[in-house]
Amino acid sequence: MITTLIRRAIQAGFVIFAMTLIVFLGVNVIGNPVDILINPDLNQAERLRVIQNLGLDQPLWRQYLGFLHGLAQGNFGDSFVYGRPALQVIAERLPATLELALCAMVIAIVIGLPLGLYAGLYPERISSRLIMTGSILGFSLPTFWVGLMFILLFAVQLGWLPSNGRGETAEFLGAKWSFLTRDGLAHLVLPALNLALFKTSLILRLTRAGVQEVVLQDFVKFARAKGLRESRIVLVHILKNLMIPVITIIGLEFGSLIAFSVVTESIFGWPGMGKLIIDSINLLDRPVIVAYLMMMVVLFVSLNFVIDICYTLLDPRVRLDGKG
Amino acid sequence: MTALLDVRGLVTAFPGPEGDLRAVDEVSFQLARGEVLGLVGESGSGKSVTGFSIMGLVDPPGRVAAGQILFDGADLAQADADTRRSLRGRRIAMVFQDPMMTLNPVLRIGTQMTEALHAHVQISRQEARARARDALGLVGIPSPEERLDGYPHEFSGGMRQRVAIAIALLHRPDLIIADEPTTALDVTIQAQILSEFQKLTEEQGTAVIWITHDLAIVSGLADRIAVMYGGRIVETGGIEEVLRAPRHPYTRGLIRSVPSENTRGTRLAQIPGVTPSLGRMPAGCAFRSRCGRADAACAARPGRFGSLGAYHRCFHPHEETLA
Ligand SMILES: Nc1ncnc2c1ncn2[C@@H]1O[C@H](COP(=O)(O)OP(=O)(O)O)[C@@H](O)[C@H]1O
Ligand code: SF4
Ligand SMILES: [Mg+2]
């Protein structure tokens with residue numbers, strides 16, 4: 001098991017290294033930040049000085065080495081726009097996105113898993129058919145449209161919930177969190193639900209498909225032949241076999257929740273990373289874009305790593321492979 | 001004396017596109033305590049479904065559509081789900097055909113054994129573990145204490161089948177339904193497991209329904225035999241009588257197709273034709289499409305000729321003994 005994990009860690013290192021190259025090159029050919037950032041009224045000498053300050057006069061490979069060097073120290077350079085370290089700019093927005101994504105994921109699991117289990121165990125019931133129809137809606141309705149409908153209904157018409165911003169926040173672990181205050185929590189509800197909709201459907205359908213596959217297995221029938229209670233068969237024999245695919249999806253989708261919460265954050269004026277990255281792309285704020293992309297790479301790679309560890313904990317067959 | 005198991009007119013049907021398909025069609029047989037019944041027939045003849053019907057484990061939408069399953073006098077076909085569950089594993093156990101699929105891959109062997117105990121008796125975890133360990137030892141698994149912590153993939157097919165047998169024996173059931181438990185195993189291991197299984201059930205006085213397509217196995221193991229074709233029992237009786245003087249042409253064909261001392265070197269007589277699928281069974285006698293003795297009378301459905309313990313379903317039965 002240890003050797004498997006070490007091998008995985010080395011692989012992850014390679015992936016991250018390859019991504020530094022791709023990210024760096026990709027961002028350097030998108031556009032010329034000089035045109036955007038530098039006041040056209042400046043004279044040639046001043047212009048040159050600014051370019052030198054930003055390090056944009058160096059050959060690409062030098063810029064890349066400098067970039068790697070900075071990276072090793074967690075330094076992505078200063079944001080062109082904010083004039084502060086890019087990583088710091090992003091880190092300030094991280095808690096907002098993180099709590100939104102976490103809430104959405106929890107909602108998706110708490111709703112998707114049991115409903116999927118139910119629909120898989122009793123596929124012929126009308127309630128199961130309703131659940132599956134609902135999940136198709138959750139799948140196919142565009143997130144932004146549902147978000148707007150939420151605002152229209154719950155914020156504008158009914159006036160139950162706020163629809164813009166994070167509301168009141170409270171300090172915890174040196175960051176500001178909305179979920180710690182009543183007002184913040186109220187602000188969190190609509191965007192989290194909106195973001196959770198698609199993932200709920202996904203987990204639900206995956207769980208149902210898994211259940212339908214597992215219940216046909218001989219070992220489920222044998223468990224019944226032993227006279228086990230239905231609850232034990234479902235919660236131990238079936239659920240434990242389902243956890244492997246479900247955890248994979250939860251892990252990967254959590255990454256995508258963070259990476260692609262742009263739409264929801266924009267609709268609900270949620271000041272998270274999604275909104276930040278859109279602004280940064282518009283302004284070609286290279287250090288921020290690069291830092292953000294690298295952060296996402298590290299996020300996905302680490303999630304994969306965590307999923308791998310979960311595998312070895314959940315599936316004894318994987319554990320054996322690692323010994324060899 | 002009442003029989004331990006008395007199956008009467010059992011019909012188990014699966015809904016098909018053109019109405020119900022009867023995988024088990026008016027099956028009747030009896031089994032006394034401690035008796036071994038060999039349930040024989042080729043693949044698809046309804047042996048497993050018969051076993052699952054007795055267990056109450058027919059896959060929906062299949063269902064027991066008619067008949068009685070009298071176990072110790074009570075009709076299981078009418079019993080509620082809780083009663084049936086409390087019998088399963090405790091008084092009626094089952095061993096499946098494929099040991100590679102029978103055990104849950106993500107649960108320890110010990111867990112899969114102790115849960116079977118806890119399902120029926122109130123005992124401490126230590127006691128359950130001790131009983132599980134003893135049961136593993138009984139079926140010939142070396143260092144059972146350590147093996148309890150193993151996972152199924154760490155066991156060979158033969159060892160897994162021993163585990164399944166150990167689980168089936170945990171509660172010293174009155175009846176074990178063994179559904180081709182050695183078919184998927186190597187020949188040498190087959191013989192070992194067969195003889196150990198026979199020894200254990202004999203010691204415990206367990207009645208056994210041994211399902212197989214292999215007549216040779218049954219002849220050395222069973223007290224009585226029931227031969228199935230197309231979902232029906234076409235012939236049943238004491239093992240010696242049936243093997244010596246099979247009445248039904250299908251039984252006779254089956255016996256003739258088994259290699260033995262006196263047929264060595266000669267061509268084995270195969271039953272002509274193939275078994276029709278369930279939906280295409282001929283009306284009347286199901287064996288009609290392959291039977292050399294068939295005539296117009298066979299278009300009617302043959303009833304039971306003989307007693308409940310020894311009967312055949314043929315209008316033109318053989319009278320002579322086999323050479
Ligand atoms: N779950 C099921 N659904 C539909 N048909 C089934 C099912 N299980 C068994 N059958 C049908 O019942 C018949 C008997 O099957 P089975 O009892 O498994 O035969 P065998 O004698 O080989 O054990 C077969 O024709 C099979 O197609
Ligand atoms: S009833 Fe007729 S067709 Fe059926 S086995 Fe007997 S002789 Fe053959
Ligand atoms: Mg079978």
Side-chain angles (χ1 to χ4, degrees), chain A residues 1 4 118-126 128-129 207 210-248 307 309-324, chain B residues 48 51-52 54-61 81-109 111-121 149-154 160 163-164 166-168 170-171 173 176-177 179 184:
Chain A
M1 174 174 169
T4 319
Y118 177 86
L121 287 172
Y122 312 107
E124 72 293 342
R125 292 195 187 166
I126 295 189
S128 296
R129 303 231 171 95
T207 306
V211 171
Q212 295 203 303
E213 199 177 309
V214 174
V215 290
L216 296 178
Q217 304 280 323
D218 264 6
F219 64 75
V220 173
K221 206 169 204 180
F222 190 65
R224 294 216 162 87
K226 293 194 288 192
L228 301 189
R229 278 166 221 284
E230 203 55 28
S231 57
R232 179 156 181 104
I233 291 171
V234 171
L235 296 179
V236 177
H237 284 260
I238 295 178
L239 201 57
K240 219 169 168 197
N241 274 278
L242 277 183
M243 284 332 281
I244 294 160
V246 170
I247 295 255
T248 312
I307 294 170
I309 294 176
C310 285
Y311 276 166
T312 61
L313 294 180
L314 285 171
D315 192 339
R317 289 161 295 189
V318 176
R319 228 172 293 170
L320 185 83
D321 296 344
K323 277 186 208 156
Chain B
S48 296
F52 290 134
I54 297 165
M55 291 296 287
L57 291 176
V58 177
D59 291 323
D82 231 35
T83 311
R84 304 219 64 173
R85 183 195 68 74
S86 86
L87 287 176
R88 274 200 292 272
R90 186 170 62 89
R91 297 196 61 196
I92 312 177
M94 189 158 176
V95 181
F96 291 7
Q97 176 165 356
D98 187 353
M100 306 308 270
M101 311 297 290
T102 308
L103 299 171
N104 192 324
V106 301
L107 296 178
R108 290 178 200 280
I109 299 297
T111 309
Q112 303 193 48
M113 297 189 75
T114 51
E115 69 178 358
L117 286 164
H118 289 305
H120 299 294
V121 288
D149 293 324
Y151 285 94
H153 72 265
E154 298 163 7
R160 287 194 217 187
V163 172
I167 290 175
L170 273 175
H171 293 279
I176 293 186
I177 300 168
D179 188 357

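In what follows, chains are A, B, ... by sequence order, proteins preceding strands, each numbered from 1. Atom set for the values below is all heavy atoms of this structure, side chains included, hydrogens, waters and symmetry mates excluded.
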inquiry  = Heavy-atom pairs under 4.5 Å with chain A: which of P60(B), A168(B), A116(B) has the most?
reply    = A116(B)
ask   = Quick one: of M243(A), R232(A), K240(A), K221(A), who has the most non-hydrogen atom pairs under 4.5 Å with chain B?
value = K221(A)
task = Decide side chain to side chain contact (heavy atoms under 4.5 Å, CB included) for I238(A) and L121(A); before the verdict, give the C-alpha distance in whole Å, the side-chain angles of both, and the deciding distance to 0.1 Å.
result = CA-CA 10 Å; I238(A) 295 178; L121(A) 287 172; 4.0 Å; yes
query = Counting heavy atoms not belonging to E230(A), are there more than 12 under 6.0 Å from its CD?
reply = yes
inquiry  = Determine whether a donor-acceptor pair (N or O, by modelled atom type, separation under 3.5 Å) exists between the side chain of R90(B) and the backbone of S86(B).
reply    = yes
message = Taking every non-hydrogen pair under 4.5 Å, which of L57(B), V106(B), N104(B), I167(B) racks up the most with chain A?
response = N104(B)
note = One option among P105(B), P61(B), A164(B), A119(B) has the most heavy-atom pairs under 4.5 Å with chain A, and it is P105(B)
remark   = Applying a strict 4.5 Å limit to non-hydrogen atoms, the region of Q112(B) in contact with chain A is both
request  = Against chain A, label L103(B) side chain, backbone, both or neither, depending on which of its atoms sit under 4.5 Å from a heavy atom there.
outcome  = both
R229(A) atom CZ: more than 12 heavy-atom contacts under 6.0 Å = no
request  = Answer yes if the ring centres of F96(B) and F219(A) are under 6.0 angstrom apart, and no otherwise.
outcome  = no
key: Largest heavy-atom contact set with chain A, pairs under 4.5 Å, which of R85(B), H118(B), M101(B)   = R85(B)
Partner chain A: residue of L170(B), D59(B), I92(B), D98(B) with the largest heavy-atom pair count (under 4.5 Å) = D59(B)
task = Could you tell me whether a side-chain N or O of R160(B) sits under 3.5 Å from a main-chain N or O of T102(B), the two making a donor and an acceptor?
result = no
